[in-house]
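Below is one structure, written out as structure tokens; the observations come after it.
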Amino acid sequence: MRKKFIFCFFTFVLLLSFTSITSFAEETPTTELDIERYAENMQPGWNLGNTFDAVGNDETAWGNPYVTQELIQRVADQGFKSIRIPITFDQRMGEDDDYQINDDFLKRVDQTVQWALEEDLYVMINVHHDSWLWVETGMQEEHNQTVDRFNAIWTQLADHFKDYPKELMFESINEPRFSGTEEESQAYLNELHTHFYEIVRGSGGYNDNRPLVLPTLNTGSEPEKINSLYEYIQGLKDPNIIATVHYYGFWPFSVNIAGYTRFEEDTKKDIHTVFDRVHETFTANGIPVIIGEYGLLGFDVDTGVVQQGEKLKFFEHMIHYANEKELIHMLWDNGQHLNRDTLEWNDPEFFNMLKTSWDTRSATPNDNFIYLEQSEEITDKVITFDLNGNDFDEVTVTDQVLEEENDYEISDNTITFSKKFLQSLVTTDELGTVSTITIAFTGGVDWEIDVIVYQTVELEETEGTTVAFRIPASFNGDQLATMNNCTLTKG
């Protein structure tokens, strides 16, 4: 009896929710959009990743809890202005000719869209992992069936959401990829874009000029991919189109391989090259661009794959340059950043850097540590900063303000810590981090420099298999930066 009551109550809540969104839609102006201003109002954005896009029974299939209104409110409260809701339809639709989307699933998506609109968030929905589940090979092997299924999804979505306010936008497909040559793949994508465009624009309601988001092939930023999308958009002659690419950084840095352990010039150059190219092709020509997902590739394994300080420097610069080039950025978050259970950030330092970088720049150091080898005499240590328009304010250790000229000296963009001060921090034979120096600036985030005492790392011989191989190591206060190629000897 209790279960029946809960189901009835849930249905009643849904009906109330549908009524409220209809009223909201009726009050939305029908005037033409300023698409560039529309995009500006989306900045910054966040992804509800690994949820409605998860492949499995429901939105919890990939480890996240059910979406709640409190989660969406938290996203808005944290300063995000837009939310991307990736959706995978594969197992949530019929297999007969009409490809009917599961009604309960669509209601859950609808409810989340409504919660987001009620928080004044701009909302983007899409066709997500279907891109590799059945579209990738289907366009070549079962072309007509694949197109029919794709069209059925957008026919239903366009009709369902046609009276929703224009703060809701549609993205045709996520990271589109196809079997076949590059030329065939681009032709398949253009074909799907055309079906998507004609279905939405012909469905009535607010879809007549609702913003539509079109990705490049693979959402890549290579010249041939962005040029192809630009030419396609130009052919539509529709002012309410937005282009989208994804950005996960210079790949050796983003997964910490090949010696790229630091945020150095190659990684910075990649940001500039990609963002300049995208800006010059699209935004400079009046076509807004959304970086629909950004992050680091290594985050798929662990957010600590890249050392914390180097990670913070990457995002400080990436967000700054995206802002400079007028690119809208949407953080990919599959639950690794904003904890869906506690609604707190798993790494508050990371989020603080993101949020600060939305509006201003932070000073960043050339080094995040001061290493003191236990067996060697301590000397003065110098840290150099890219001040990015800021000045030094104060330096503290455990809330105690240090004295300039006694504990440290400042010269232009460098700060030198005195031998005497550093010696005062090493009071025992303890290895590892013995103290943390906090450097505050006139703007941006404070920066923490760990003082670390270490001895040479000791590795031991070991045996194992490719399935389970461990190297016994005594780090003696030091830290692992990266792993290079090694030679295994077969016994």
Side-chain angles (χ1 to χ4, degrees), residues 6 9-28 38-54 58-60 62-87 104-126 128 160-161 164-171 211 290 292-295 319 328-359:
I6 292 173
F9 177 76
F10 179 68
T11 303
F12 177 67
V13 169
L14 281 177
L15 288 172
L16 285 178
S17 199
F18 282 133
T19 302
S20 64
I21 201 68
T22 302
S23 300
F24 186 19
E26 290 171 354
E27 296 173 0
T28 303
Y38 181 99
E40 290 172 7
N41 291 338
M42 294 175 59
Q43 186 83 297
W46 180 85
N47 274 267
L48 183 65
N50 284 22
T51 304
F52 294 119
D53 56 315
D58 60 23
E59 66 208 76
T60 69
W62 284 358
N64 282 314
Y66 289 103
V67 180
T68 63
Q69 187 171 14
E70 288 73 23
L71 169 64
I72 304 304
Q73 290 171 338
R74 179 66 167 166
V75 170
D77 290 344
Q78 293 297 282
F80 292 100
K81 303 301 181 184
S82 58
I83 180 171
R84 181 171 179 256
I85 303 177
I87 310 168
D104 289 338
F105 177 70
L106 185 56
K107 285 178 180 177
R108 281 292 293 159
V109 172
D110 183 287
Q111 185 178 58
T112 304
V113 169
Q114 291 183 46
W115 286 335
L117 291 172
E118 288 166 6
E119 295 301 319
D120 294 326
L121 291 169
Y122 286 71
V123 185
M124 185 194 308
I125 62 173
N126 73 0
H128 204 77
H160 182 89
F161 291 108
Y164 281 51
K166 292 174 190 172
E167 285 77 13
L168 171 65
M169 72 206 80
F170 301 153
E171 177 189 20
I290 298 172
E293 297 178 13
Y294 77 86
I319 292 174
I328 310 308
H329 41 78
M330 305 189 81
L331 175 67
W332 177 255
D333 190 348
N334 60 19
Q336 71 218 139
H337 298 307
L338 179 58
N339 189 297
R340 308 279 177 86
D341 293 307
T342 65
L343 303 185
E344 299 297 331
W345 293 93
N346 291 325
D347 183 348
E349 193 175 26
F350 167 76
F351 177 66
N352 185 40
M353 177 59 82
L354 295 190
K355 188 164 187 174
T356 302
S357 301
W358 295 342
D359 301 310

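Values in this document were obtained by computation on a predicted structure and should not be read as measured data.
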So how far is it from [X] [atom1] to [Y] [atom2], rounded to the nearest 0.5 Å?
| X | Y | atom1 | atom2 | value |
| --- | --- | --- | --- | --- |
| Glu119 | Ile83 | CD | CD1 | 10.0 Å |
| Phe80 | Met42 | CZ | CE | 13.0 Å |
| Asp58 | Asn64 | CG | CG | 11.0 Å |
| Glu118 | Gln73 | CD | CD | 9.0 Å |
| Asn339 | Asp347 | CG | CG | 12.5 Å |
| Gln78 | Leu354 | CD | CG | 11.0 Å |

What closest approach, in Å, do [X] and [Y] show between heavy atoms, and which atom pair accounts for it?
| X | Y | value |
| --- | --- | --- |
| Asp333 | Trp46 | OD2-NE1, 2.9 Å |
| Ile85 | Ile87 | O-CG1, 3.4 Å |
| Gly292 | Asn47 | O-ND2, 2.9 Å |
| Gly79 | Pro44 | O-CD, 3.6 Å |
| Thr68 | Trp115 | C-CZ3, 3.5 Å |
| Leu117 | Pro165 | CD1-CG, 3.9 Å |

Is there a side-chain contact between [X] and [Y], using heavy atoms and a 4.5 Å cut-off?
| X | Y | answer |
| --- | --- | --- |
| Arg84 | His128 | yes |
| Leu338 | Leu71 | yes |
| Glu59 | Phe105 | no |
| Met330 | Ser82 | yes |
| Tyr164 | Gln114 | yes |
| Tyr294 | Leu331 | yes |
| Trp332 | Asn50 | yes |
| Phe170 | Ile125 | yes |

Measure from the side-chain N and O atoms of [X] to the backbone N and O of [Y], and report whether any donor-acceptor pair falls under 3.5 Å.
| X | Y | answer |
| --- | --- | --- |
| Asn334 | Gly49 | no |
| Arg74 | Leu343 | yes |
| Asp110 | Arg108 | no |
| Glu167 | Leu121 | no |

- request: Report the relative orientation of the aromatic rings in Trp345 and Phe351; use parallel for angles under 30°, tilted for 30 to 60°, perpendicular for over 60°.
  value: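 Geometry flag for Phe351 against Trp345: parallel rings.
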
field: Ring geometry between His337 and Phe350 (parallel below 30°, tilted from 30 to 60°, perpendicular above 60°)
entry: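 Parallel.
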
